[in-house]
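Only heavy atoms go into these numbers, but all of them, side chains included; no hydrogens, no water, no symmetry mates. Proteins come first, then strands; the chains are lettered A, B, ... in the order of their sequence lines, and each starts at number 1.
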Amino acid sequence: MSDPTLLVEDLRTAFYTKAGVIRAVDGVSFQVGRGKILGLVGESGSGKSVTGFSIMGLVDPPGRIDGGRILFQGRNIVGLPEPEMRALRGSRLAMIFQDPMMTLNPVLRIDTQMIEAVKAHHPEVSDAEARARARDTLGQVGIPSPDERLKSYPHQFSGGMRQRVAIATALLNKPDLIIADEPTTALDVTIQGQILFEVQKLARQTGTALIWITHDLSVVASLADEVCVMYAGRVVEQGSVDDVLDHPTHPYTEGLLRSVPSANPRGQPLRQIPGMTPSLLRLPPGCAFRQRCERASAVCATAPEITVPVPGRRVRCFHPILATVPA
Amino acid sequence: MTVFIIRRLMQTAIVLVVMSMIVFVGVFAIGDPTAILISADSDMIERERAIAALGLDKPLWEQYLYFVGGAFRGDLGKSFVFNMPALQLILQRLPATLELAFAALVIAIFVGVPLGMYAGYRPESPVSKAIMAGSILGFSLPTFWVGLMMIMVFAVQLGWLPSTGRGHTATVFGVTTSLVTPDGLAHVLLPAVNLALLKLSLVCRLARAGMRENMLMDYVKFARAKGLTARRVVMVHVFKNILIPLVTVTGLELGNLIAFSVVTETVFAWPGMGKLIIDSINNLDRPVIVAYLLVTVSMFVFINLAVDILYSVLDPRVRLSEAKG
């Protein structure tokens with residue numbers, strides 16, 4: 001088997017603020033293969049987005065990557081000089097952001113914003129060719145009459161349409177990896193469904209690897225092949241989507257699944273995970289989840305290592321829930 | 001668009017009428033110009049003749065109506081002091097003031113915007129901190145003092161530049177200006193820098209604030225994620241967004257520069273309108289004061305209109321037809 005498109009090993013990204021060091025990503029490892037979709041799940045502040053920005057080389061001071069490797073097509077891109085990183089960004093690696101209302105520049109026309117993305121990597125391409133490529137890509141993501149729409153400004157589009165434009169922009173140079181940072185969170189459910197369907201189709205057709213960052217487990221269930229559950233900067237559980245969602249072994253994953261409204265009997269109060277995500281500034285030693293965990297014991301005050309309770313599953317817990325997992 | 005402009009012009013007319021009334025009452029309240037204009041040793045008959053000649057023997061409302069009647073014929077009255085049409089007096093001085101204001105604005109923009117953008121792009125660098133400290137000085141040092149210091153240093157001690165007056169003028173495209181001759185440029189440099197200093201600081205801080213605010217926007221991150229160079233992100237994406245507030249403020253400030261270049265004109269003996277208005281206020285020369293204010297207000301309105309139109313060009317989200325009132 002060839003190299004996976006992306007292999008992240010023990011990635012550590014921290015922000016050095018006046019209030020202290022925030023270890024937003026603390027030893028995260030995963031991989032994504034060609035045409036595969038990885039779901040990165042977690043609450044706000046769990047380090048999912050920072051993981052995405054780390055891969056893109058877009059972590060700004062006071063943040064920086066201080067450990068680990070990011071192997072993109074076999075090459076470590078951590079600490080790559082900016083010109084080389086820039087050449088990868090938008091060309092081999094692309095990213096889509098959460099809020100489509102904010103990601104497009106309000107004072108530039110769509111054609112300007114798309115053509116510049118082509119020409120940043122292919123200066124030899126003529127304006128007409130770049131425009132043709134922009135038009136075709138817009139059509140591909142389901143924007144009607146793309147020729148006219150190219151001349152529009154972002155405010156003339158609806159939220160869903162803007163996100164399609166952003167996705168089309170990310171697709172322009174046929175990247176090998178797309179990082180999608182909650183791209184459908186701000187959209188209504190029907191639009192979300194359409195976009196998920198199209199993105200999944202694209203990934204399968206073009207062999208593009210996809211990292212889908214979200215807090216929505218139902219999106220992961222319908223879209224991803226593999227899932228990483230993150231908590232307080234660490235991956236707490238990892239495995240194939242069906243296994244993890246059907247038989248969670250980490251108490252946090254189980255808690256997340258139980259808080260999905262449809263999993264609760266009608267009329268009963270919704271079940272939630274007690275407490276709140278700890279502040280990354282004052283992270284307790286040991287397992288970061290132990291104060292909210294009903295299975296926690298004295299041993300949880302030391303940091304748990306990754307274990308492999310069943311083949312294909314990695315979990316960071318002293319007391320994994322194994323009763324329901326088929327051997 | 002047309003409706004917008006017509007509405008704007010009607011508002012202007014109302015402003016001009018109200019303003020002229022206030023000036024009439026105001027100057028009337030300050031004092032009696034005849035006490036200054038007519039020498040103390042003239043007798044009663046001469047006095048009354050002089051007052052009647054100036055039209056000051058009539059009640060104030062009648063004087064005002066007379067003025068309004070004249071204004072519709074393009075006659076804003078004769079200066080009490082110079083005994084020539086007030087408008088002509090002002091239009092003679094206008095080019096000198098306009099060119100000074102224009103030169104100051106150019107300096108403020110072409111120096112202030114790049115400095116501010118740099119300070120916003122690298123807020124932690126020592127150069128940026130020096131720029132910001134300098135801008136505070138620019139804000140807080142009194143214009144007349146800076147002007148005098150500049151004359152001391154560059155004109156008196158170094159002898160590089162002339163300290164007073166306007167240089168040779170030449171006519172380009174039908175406009176007579178001193179900005180095209182070397183001597184004229186040498187003369188305009190000191191007063192223009194002096195006048196520009198405050199605006200430069202303002203523009204600089206505004207550009208910095210815009211830069212810092214915009215650099216944090218998602219669209220900047222997205223532009224970087226597309227693999228654009230930092231240069232293109234800043235010069236195209238961020239710059240176009242910063243321009244919107246800059247144009248608004250600059251437009252308003254241009255009106256200010258024209259109207260209130262008084263101090264600089266006095267320090268550098270620049271033969272512009274600012275000097276004229278100060279003298280006229282001292283002499284209670286009402287026709288000149290009124291004419292000056294009418295010209296200035298009209299200019300303000302015109303500049304604001306230009307800014308609004310420019311605004312809609314820069315920001316596609318603004319549609320003038322929707323701008324009510």
Query - Heavy-atom pair count under 4.5 Å with chain B, highest-scoring of P83(A), A117(A), A87(A) - result: A117(A)

Report summary line: Checked P106(A), S91(A), A94(A) vs chain B; the most non-hydrogen pairs under 4.5 Å come from P106(A)

Query raised in the report: Would you say K221(B) has more than 12 foreign heavy atoms packed within less than 6.0 Å of its NZ?
Result: yes

Query raised in the report: Of all the residues in residues 54-65 of chain A, which have a heavy atom that comes within less than 4.5 Å of a heavy atom in chain B?
Result: M56(A), L58(A), D60(A)

**Report entry** Part of L104(A) lying under 4.5 Å from any heavy atom of chain B
**Finding:** both

Query raised in the report: For atom OH of Y16(A), is the number of surrounding heavy atoms from other residues, nucleotides or ligands below 6.0 Å larger than 12?
Result: yes

Report summary line: Bottom line for L243(B): the part with an atom under 4.5 Å from chain A's heavy atoms is neither

Report summary line: One option among E124(B), M217(B), K240(B) has the most heavy-atom pairs under 4.5 Å with chain A, and it is K240(B)

Requested in this report: Considering only heavy atoms and a distance below 4.5 Å, find which of K119(A), R86(A), M85(A), Q98(A) pairs most often with chain B.
Outcome: R86(A)

Query raised in the report: Hey, what do you get for CD (E82(A)) to CZ (R224(B)), rounding to the nearest 0.5 Å?
Result: 7.0 Å

Report summary line: Bottom line for T103(A): the part with an atom under 4.5 Å from chain B's heavy atoms is both

Report task. Please check if atom CZ in F139(B) has more than 12 non-hydrogen atoms from other residues, nucleotides or ligands closer than 6.0 Å. Result -> yes

Query - Contact winner vs chain A - N214(B), V236(B), T229(B), V238(B), heavy-atom pairs under 4.5 Å - result: T229(B)

Report task. Please report the shortest heavy-atom distance between Y219(B) and N105(A), naming the atom on each side. Result -> CE1-ND2, 3.4 Å

Query raised in the report: So, the side chain of H121(A) versus the backbone of K226(B): is there a donor-acceptor pair under 3.5 Å, distance only?
Result: yes

Query raised in the report: Considering all heavy atoms of both residues, which atom of A120(A) and which atom of G227(B) are nearest to each other, and what is their separation?
Result: CB-O, 3.8 Å

Query - Worked verdict on Q113(A) versus F222(B) for side chain to side chain contact (heavy atoms under 4.5 Å, CB included) - result: CA-CA 10 Å; Q113(A) 302 195 45; F222(B) 189 63; 5.5 Å; no

